[in-house]
Every structure is written in structure tokens, then in C-alpha cells.
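Each chain gets a letter, A, B and so on, in the order the sequences are listed, and its residues count up from 1.
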Amino acid sequence: MAEKITKRDKDYSQWYLDIVQHAGLAENSDVRGCMVIKPHGFAIWENIQRALDRMFKDTGHVNAYFPLFIPKSFLTKEEEMAEGFAKECAVVTHYRLKTMAGKGVQVDPEAKLEEELIIRPTSETIIWNTYRNWIQSYRDLPLLINQWCNVVRWEMRTRLFLRTAEFLWQEGHTAHATQAEAEEETRKILEVYRSFAEDWMAMPVLTGPKSEGQKFPGAVYTLCIEAMMQDKRALQAGTSHFLGQNFAKAFDVKFQNQAGQLEHAWATSWGVSTRLVGGLIMTHSDDQGLVLPPRLAPIHAVIVPIFRKAEEKAAVCAAAQQLAAAIRSLPPDPWLNYEPWSIKVDDREQYQPGFKFNEWEVKGVPIRVELGPKDLASNACVLARRDLPGKEAKEMGVPLASAPERITTLLKEMQSKLVERARAFRDANTLEVNSYDDFKKKLEEPGGFLWAHWDGTRETENQISQETKATIRCIPFSRAKEPGKCMVTGKPSEGRVVFAKAY
RNA sequence: CGGGGCGUAGCUCAGUUUGGCUAGAGCGCAUGGUUUGGGACCAUGAAGUCGCAGGUUCGAAUCCUGUCGCCCCGACCA
């Protein structure tokens with residue numbers, strides 16, 4: 001029997017869960033709020049990591065690793081941050097268990113920590129505490145460091161990939177001699193995120209600062225990339241923060257400038273997480289299953305040999321292996337960061353071809369190659385691309401000799417088609433509204449991104465979010481200078497901001 | 001923390017109202033055979049301390065008490 005995926009228009013969040021489950025990306029663990037990332041899901045994350053890590057290195061950053069545990073007192077040194085994260089911190093209070101005969105283990109009350117340790121919700125404090133020792137002179141700057149790690153934020157309600165108590169991410173932490181340089185870094189990283197989202201994930205994003213109410217605790221300002229999912233809700237996909245001298249002051253990080261004077265260093269921090277995998281799913285996938293942008297697909301093409309008799313099998317499988325080898329030996333392509341093409345030959349005997357077609361479709365493999373006795377007779381194969389429906393997707397009689405080139409061409413074509421389609425969807429679901437009444441109406445139907453005038457105050461923003469559940473997602477760099485009046489208070493506004501319901 | 005629901009095979013669940021026979025089904029899994037160009041079929045088989053603890057009873061998955069856990073809605077979520 002077919003395992004059915006709930007249709008998107010019937011129940012979008014159930015559809016999302018079905019995709020995650022049937023594509024084998026992740027599952028809930030027995031630990032509340034924590035997920036198990038399964039091999040196929042982790043392979044996508046590894047590809048995200050690989051591409052991003054390259055981009056960080058290319059912009060002069062290096063990787064390092066800081067502790068999982070943070071002394072409680074560190075958190076309190078930067079007040080805004082303490083306030084922002086206090087409610088979702090896991091705390092380690094003891095360092096030992098003791099075994100009780102027949103009763104398992106219990107916490108040893110003798111082993112109470114003198115100072116409790118927080119499990120990092122983010123690492124600014126421990127890192128700036130360390131930077132104090134690393135930074136003495138302007139010659140030590142800039143310090144451009146990134147770490148790949150896990151963090152814990154004790155969430156009340158979790159959703160696979162989108163919000164879990166523990167998640168994987170990267171966090172960059174840089175120190176600079178001047179404000180201008182730190183602000184430039186903040187912008188530079190946002191551009192890295194934007195191009196990664198659009199060129200690798202095929203996920204178009206808005207870029208710009210967050211409102212005061214939505215910024216990171218401890219930041220002077222926060223820049224973000226913001227994407228639209230297929231249910232028209234917004235997803236914050238990455239953030240880059242200008243931290244000013246807040247952490248340098250909190251942790252007493254000073255350097256001597258060329259004039260010999262002591263100054264506090266300027267900071268940035270920035271991160272993206274496994275939430276991106278959720279964004280990837282919700283941007284491209286359809287009612288048949290996962291759809292992946294080829295540049296991030298763990299398997300680019302799967303070859304399904306079709307056979308009945310033993311002698312057919314031998315011939316068809318040999319041809320399949322040969323084709324796979326031909327694709328793998330194509331010259332390294334900058335489009336893939338010179339990584340090899342990943343080709344799978346599915347020669348399992350216990351499943352029929354139809355079953356395999358469906359399985360790889362659900363898993364989002366961009367291209368399927370069908371290779372049977374009929375094809376072999378004419379030295380050809382059938383190609384099917386994942387991003388188009390039914391017969392449209394099929395290309396019959398592709399000569400085996402030219403198939404490798406054809407496949408890589410198709411992959412590149414799919415990549416750009418996917419981002420075009422996603423951009424068209426976002427643009428079709430973006431509108432301008434001019435009155436609060438219209439805003440409330442359009443937010444329910446049709447929904448999407450609403451560009452509206454806002455007076456710039458936190459009070460008005462809070463009022464809107466309480467009354468409508470919509471928040472300011474971004475104050476786009478791309479917005480026009482357009483004097484107007486706040487849709488709620490009528491006070492002057494210098495341009496529109498983007499409102500939406502968000503994940 | 002408030003409201004609601006649920007714990008029975010790896011998964012989804014029936015059985016509980018009205019206590020009783022060897023605790024069931026579908027999917028999945030194993031073995032064998034027939035199949036194989038869009039989710040095949042037949043046969044056989046393995047698999048469950050009925051969340052846990054206590055109580056009532058001749059007898060408890062079923063009734064009572066306690067307890068643990070999970071899910072949904074709300075509150076919360078830079």
C-alpha cells in the first residue's frame with residue numbers, strides 16, 4: 001500500500017511532517033523537544049555546511065571551537081542578553097551521579113557545582129571572555145572566527161528542524177578595530193547568507209534590518225534574510241548582528257590603537273541553523289514529496305535499472321554502472337565547488353521499478369535515469385526531472401554517450417528554475433496595504449508579505465502583533481523612499497516595512 | 001501553568017462502556033515461490049511483562065487509587 005503524503009492545501013503542517021518522515025530526514029526522539037536527524041536529512045545539512053564553510057573561508061574566516069558549558073555569571077555580564085535568554089536556558093547543577101542498589105542512579109547531592117553551568121544558547125559570552133586574552137593590539141584585529149556546533153534553547157513547543165530544543169548551527173564572532181569595519185562585516189555576512197540562500201538553496205530572500213523589537217538581545221542592530229514558505233508564512237533564515245562595543249565592554253576587551261590609546265573592540269555575530277533544512281523543504285517540495293535544489297541534493301541522480309531475466313539484469317546493471325562512472329568522471333565543476341557528482345545505482349532486487357521511482361521521488365532526488373532492455377537496445381536511457389509533473393518531466397531516448405552532459409545541464413537548469421519559481425510565488429503573494437482595516441483583511445486573505453507604513457515605534461509594533469499575530473519581518477534595504485503615514489497611528493513614516501505571520 | 005486527549009507487536013490502531021475462553025487487525029519484518037517500464041501477489045512465520053505501582057475480585061488490557069510519559073489547543077517563543 002502507498003504511504004500517503006497529506007496534500008498541502010488540506011493541512012500544510014501535516015504535509016510538512018509527512019515530508020520529513022517519508023523522506024527520512026528526521027524524527028522526534030524520546031528526549032522531549034529534541035530530534036534525531038536521519039542520514040538523508042544530515043546529508044543535506046552536510047552539504048549546507050560544506051558550501052557555507054567555503055564561503056566563510058573565502059571571506060577570511062577561520063573555524064575554532066568553544067565550550068558547550070558557560071558559567072552562569074558570564075550570562076549576566078551583558079544585561080540585555082541575560083534578559084533575552086534567561087527563560088530558555090538549560091542549567092547543569094551537579095557533576096556526578098551515584099548508583100543506588102536496585103534503584104538505578106540518582107543525582108549525588110554531595111556533587112553540587114559551586115557555580116552552575118548554562119548549556120550555551122549562543123556563545124557571545126564565553127567567546128568574548130576568551131577574546132579578552134587574545135586581543136591586545138590593533139595588530140590582533142580583525143579576529144574573524146566561526147564555529148560549527150550545537151546550542152540549546154528550551155522551547156515550549158517544537159517542530160522538526162524549525163524549532164527544536166537542541167539544534168545545530170554555525171555562529172561567527174568577529175572583533176574589529178573600528179565601528180565602520182564591524183558594520184561592514186555585518187553587511188558582508190548578510191550578503192554571504194543572501195547569496196547562499198538564493199544561489200544554493202534556490203530560496204529568494206528579503207534582506208534588511210529587523211525592527212528594534214525583533215533584534216537580537218545584546219545587539220545594536222540585527223540584519224536578517226527572510227524567506228516566504230509555500231503557505232505564505234515568513235521564515236527568518238539567517239541573522240547577522242552588529243554588536244557595537246557591548247560585549248567588549250561587558251568582558252573588558254580592549255586593544256591599543258596606533259596612537260597608543262586603549263579602545264574597546266567592535267563586535268559582530270551571525271548564524272544560520274538546521275532551520276534552513278526546514279526552509280528548504282517548505283520552499284520547494286510538493287504533494288509527491290521532497291524537492292531539492294540540485295546544488296544541495298545528497299544524490300544528484302539515481303539510475304534505476306529495469307530487468308526481468310538474469311541475463312537482462314547483468315547487461316542493464318553493467319550499463320548503469322558504466323553510466324554512473326561516466327558521470328562521476330566528468331571534470332570537476334565550480335558550480336558544485338569542484339565536489340564530485342553524486343550518482344546512485346539502485347540495483348536492489350527486492351523492489352520493483354515503480355516502487356523505486358516513488359521512493360526516490362519522495363526523497364527528492366533531482367534526476368532519475370531509467371535504463372531497461374529496450375533502452376539498451378538503442379544505446380539510450382530515459383531521464384526524469386523531479387521539479388516537473390508527470391510526462392512533462394520525462395525525456396525519452398537520451399543517448400547514453402551524451403547522457404552525462406545532458407544530466408548536468410538539466411541539474412543546472414533545475415536549480416535556476418526552482419529559484420525563479422520560488423521568487424515568482426513570493427512576488428505573487430506580496431502586496432502593499434495602506435489602511436489598518438485592509439491590513440487585517442488581507443492578512444487573512446490572501447495572506448503573504450504585506451508592505452505597509454509604520455511609525456517606527458515599538459508600541460505600535462506590539463499592538464499590531466497582538467491584534468493580528470503578524471510581525472515586522474524586515475525593513476528591506478530594497479524599499480523605496482516613500483514618505484507616508486503609519487497605518488495605525490497616522491504618524492509619519494519614511495518607507496514601508498514588511499509584515500507577515502511567521503514561523 | 002490552564003483546558004482536552006492518549007498510552008495494547010517496530011508503526012497505525014481495534015478490544016475497555018457491560019471484568020471471563022489462546023489478546024486481535026492492517027502496515028512493516030523473516031522465509032519460500034510467482035512477479036518486475038509508476039508504490040506486485042500468494043503461502044508460511046517471528047514478534048506484545050496491554051506505560052508503571054498498588055488495590056478490588058475466583059478471575060483485570062477492561063473496575064478503583066496513585067504515578068510516569070506523550071500528543072493537541074492556549075500561554076511563551078530576540
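For the pair A:Asn462 CG and B:rC77 P, the interatomic distance rounds to 10 Å; values are reported in whole Å. One atom, CD of A:Glu349, and another, P of B:rU35, lie 15 Å apart when rounded to the nearest Å.
The residue A:Gly218 sits apart from the nucleic acid: no heavy atom pair falls under 4.0 Å. Residue contacts shown for A:Glu370 include a base, since a base heavy atom lies under 4.0 Å away. Among the protein residues, A:Glu361 comes within range of the nucleic acid bases, having at least one heavy atom under 4.0 Å from a base atom. Residue contacts shown for A:Val382 include a base, since a base heavy atom lies under 4.0 Å away. Using a 4.0 Å heavy-atom distance criterion, A:Arg348 is classed as making no nucleic acid contact. A:Glu83 comes within contact range of no nucleotide atom at all, as no heavy-atom separation falls under 4.0 Å. Heavy atoms of A:Lys210 sit nowhere under 4.0 angstrom from any nucleic acid atom. Across all strands, A:Phe357 comes closer than 4.0 Å to base atoms (heavy-atom distances). Residue contacts shown for A:Lys309 are absent, as no nucleic acid heavy atom lies under 4.0 Å away.
A donor-acceptor contact under 3.5 Å is not formed by the side chain of A:Glu359 with the base of B:rG39. Between the side chain of A:Arg308 and the base of B:rG37, no donor-acceptor pair of N or O atoms lies under 3.5 Å.
When Watson-Crick and G-U wobble pairs are counted only if both distances are under 3.5 Å, B:rG20 pairs with B:rC58. Summarising the base pairing, B:rC41 is matched to B:rG33 through a Watson-Crick or G-U wobble pair whose two defining distances lie under 3.5 Å. Nucleotide B:rC77: unpaired (no Watson-Crick or G-U wobble partner with both distances less than 3.5 Å). The partner of B:rU65 is B:rA53, judged by Watson-Crick or G-U wobble contacts that both fall below 3.5 Å. In this structure B:rA47 sits in no base pair that meets the Watson-Crick or G-U test at under 3.5 Å. The base-pairing partner of B:rG26, taking Watson-Crick or G-U wobble contacts with both distances under 3.5 Å, is B:rC11.
The side chain to side chain contact (heavy atoms under 4.5 Å, CB included) search around A:Thr471 returns A:Gln214, A:Ser465, A:Arg473, A:Ala502, not counting sequence neighbours. With sequence neighbours left out, the side chain to side chain contact (heavy atoms under 4.5 Å, CB included) criterion links A:Val497 to A:Trp454, A:Ile472, A:Ile475, A:Arg479, A:Phe499.
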Within the sub-3.5 Å range, which N or O atoms of nucleotides 69-72 of chain B have a protein N or O partner, and how far apart are they?
unit_1, atom_1, unit_2, atom_2, d
B:rC70, OP2, A:Arg32, NH2, 3.2

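Not one side-chain nitrogen or oxygen of A:Lys469 sits closer than 4.0 Å to the OP1 or OP2 atom of B:rC77. Regarding contacts with the backbone of B:rG37, a side-chain N or O of A:Gln352 is found under 4.0 angstrom from either OP1 or OP2.
In the model, A:Tyr221 has a side-chain atom that pairs as donor or acceptor with a side-chain atom of A:Glu183 under 3.5 Å. For the residue pair A:Asp11/A:Thr6, the side-chain donor-acceptor check at 3.5 Å is not satisfied.
Two residues, A:Pro353 and A:Arg163, neighbour RNA chain B, and the one matched to the more 5' nucleotide by heavy-atom proximity is A:Pro353.
If you run side-chain contact (heavy atoms from CB on, under 4.5 Å) between A:Arg120 and each of A:Val152, A:Leu75, A:Asn150, only A:Asn150 comes through.
In this structure, CE on A:Met229 lies 9.0 Å from CG on A:Leu280, to the nearest 0.5 angstrom.
The aromatic rings of A:Trp148 and A:Phe56 lie tilted to each other, with the angle between the two planes from 30° to 60°.
Comparing atom distances between the A:Phe355 side chain and each of B:rG37, B:rA40, B:rC77 picks out B:rA40 as nearest.
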